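The next block holds one structure in the form of C-alpha cells; read it before the comments.
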Amino acid sequence: MPPKKITEKPRSVLPGGGKDISFFEQVYDVVRLIPKGRVTSYGAIAAFLGTKMSARMVGWAMNGSFHVKPKVPAHRVVNRNGMLSGKAHFATPTLMEELLAKEKIKVKDDQIVDFDKKYWDPAENLEI
DNA sequence: TTGTTGACCTCTT
DNA sequence: CAAGAGGCCAACA
C-alpha cells in the first residue's frame with residue numbers, strides 16, 4: 001500500500017455552504033466520534049448514515065482515512081465478525097493490533113476479544 | 001468515456 | 001447448515 005494516492009479533496013468542498021457532504025465525510029465524522037477503547041463495524045456506520053448496504057464504501061473511505069485530518073481511528077472499525085479485515089491495509093500489518101492494544105482491546109487471531117462488549121453502536125450513542 | 005474493483009453486509013438458493 | 005449472488009458509492013485503468 002505504498003502508493004496511497006487517494007483524492008484528498010473530495011466533492012465535500014462545494015459552493016453554497018458545503019451542505020452536500022459526501023459519504024466519506026460522514027463516515028470520517030462518525031469514526032472520529034468512536035470512544036476510546038471501543039470499536040464498531042462498517043455495517044453499523046453505513047446503517048447509521050442511512051443505507052446499510054453501502055458498507056463497502058465505508059471500507060473504501062477508511063483507505064483514504066490515513067491522509068485525512070484530523071486523523072481517523074480506522075483501527076476502531078472492523079467487520080461484523082470483529083475480525084481485523086483491514087489490518088493488511090495499515091502502514092504495517094501489526095499496526096492495527098498495536099493501536100487496539102493501546103486501547104485495552106485484546107486481539108486474538110486477528111479477531112477482537114469480547115467484541116460484543118467493546119462494540120459501540122453509533123445509532124444508539126449519536127443522533128442525526 | 002465505460003468497466004472493473006474494493007478494508008462489507010444481507011438475502012436467497 | 002453452507003455457499004452463492006446482489007447491491008451500495010467512489011476510485012482507478
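Just so you know, these numbers use all the heavy atoms, side chains as well, and skip hydrogens, waters and symmetry mates. This is a predicted model, so every value here is computed, not measured. Letters A, B, ... are given to chains in the order of the sequence lines, protein chains preceding strands, and every chain is numbered from 1.
- A distance of about 23 Å separates the C1' atoms of B:dA7 and C:dA3, rounded to the whole Å.
- Judged by distance alone, the side chain of A:D114 and the main-chain N or O of A:K117 form no donor-acceptor pair under 3.5 Å.
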Heteroatom pairs (N/O) under 3.5 angstrom, protein to nucleotides 6-10 of chain B:
| residue | atom | partner | partner atom | Å |
| --- | --- | --- | --- | --- |
| B:dG6 | N7 | A:R56 | NH1 | 3.0 |
| B:dG6 | N7 | A:R56 | NH2 | 3.3 |
| B:dG6 | O6 | A:R56 | NH1 | 3.4 |
| B:dA7 | OP1 | A:H89 | NE2 | 3.0 |
| B:dA7 | N7 | A:G59 | O | 3.2 |
| B:dA7 | N7 | A:N63 | N | 3.3 |
| B:dA7 | N6 | A:M62 | O | 2.5 |
| B:dA7 | N6 | A:N63 | N | 3.3 |
| B:dA7 | N3 | A:Y42 | OH | 3.1 |
| B:dC8 | OP1 | A:S85 | OG | 3.4 |
| B:dC8 | N3 | A:R56 | NE | 3.2 |
| B:dC8 | N4 | A:R56 | NE | 2.8 |
| B:dC8 | N4 | A:R56 | NH2 | 3.1 |
| B:dC9 | OP1 | A:R80 | N | 2.4 |
| B:dC9 | OP2 | A:R80 | N | 3.2 |

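- Here A:K104 pairs with nothing under the side-chain contact (heavy atoms from CB on, under 4.5 Å) rule; sequence neighbours left out.
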Report task. Decide side chain to side chain contact (heavy atoms under 4.5 Å, CB included) for A:M83 and A:F115; before the verdict, give the C-alpha distance in whole Å, the side-chain angles of both, and the deciding distance to 0.1 Å. Result -> CA-CA 9 Å; A:M83 185 171 75; A:F115 176 64; over 6 Å; no
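- Separation of the C1' atoms belonging to C:dG6 and B:dT4 is 16 Å when rounded to the nearest angstrom.
- Between the CD atom of A:Q26 and the C1' atom of C:dC9 there is a distance of 12 Å, rounded to whole Å.
- A:R80 contributes atom CZ, which lies 13.0 Å from atom OG of A:S85 (distance to the nearest 0.5 angstrom).
- To the nearest 0.5 Å, atoms CG (A:N63) and CE (A:M57) are separated by 10.0 Å.
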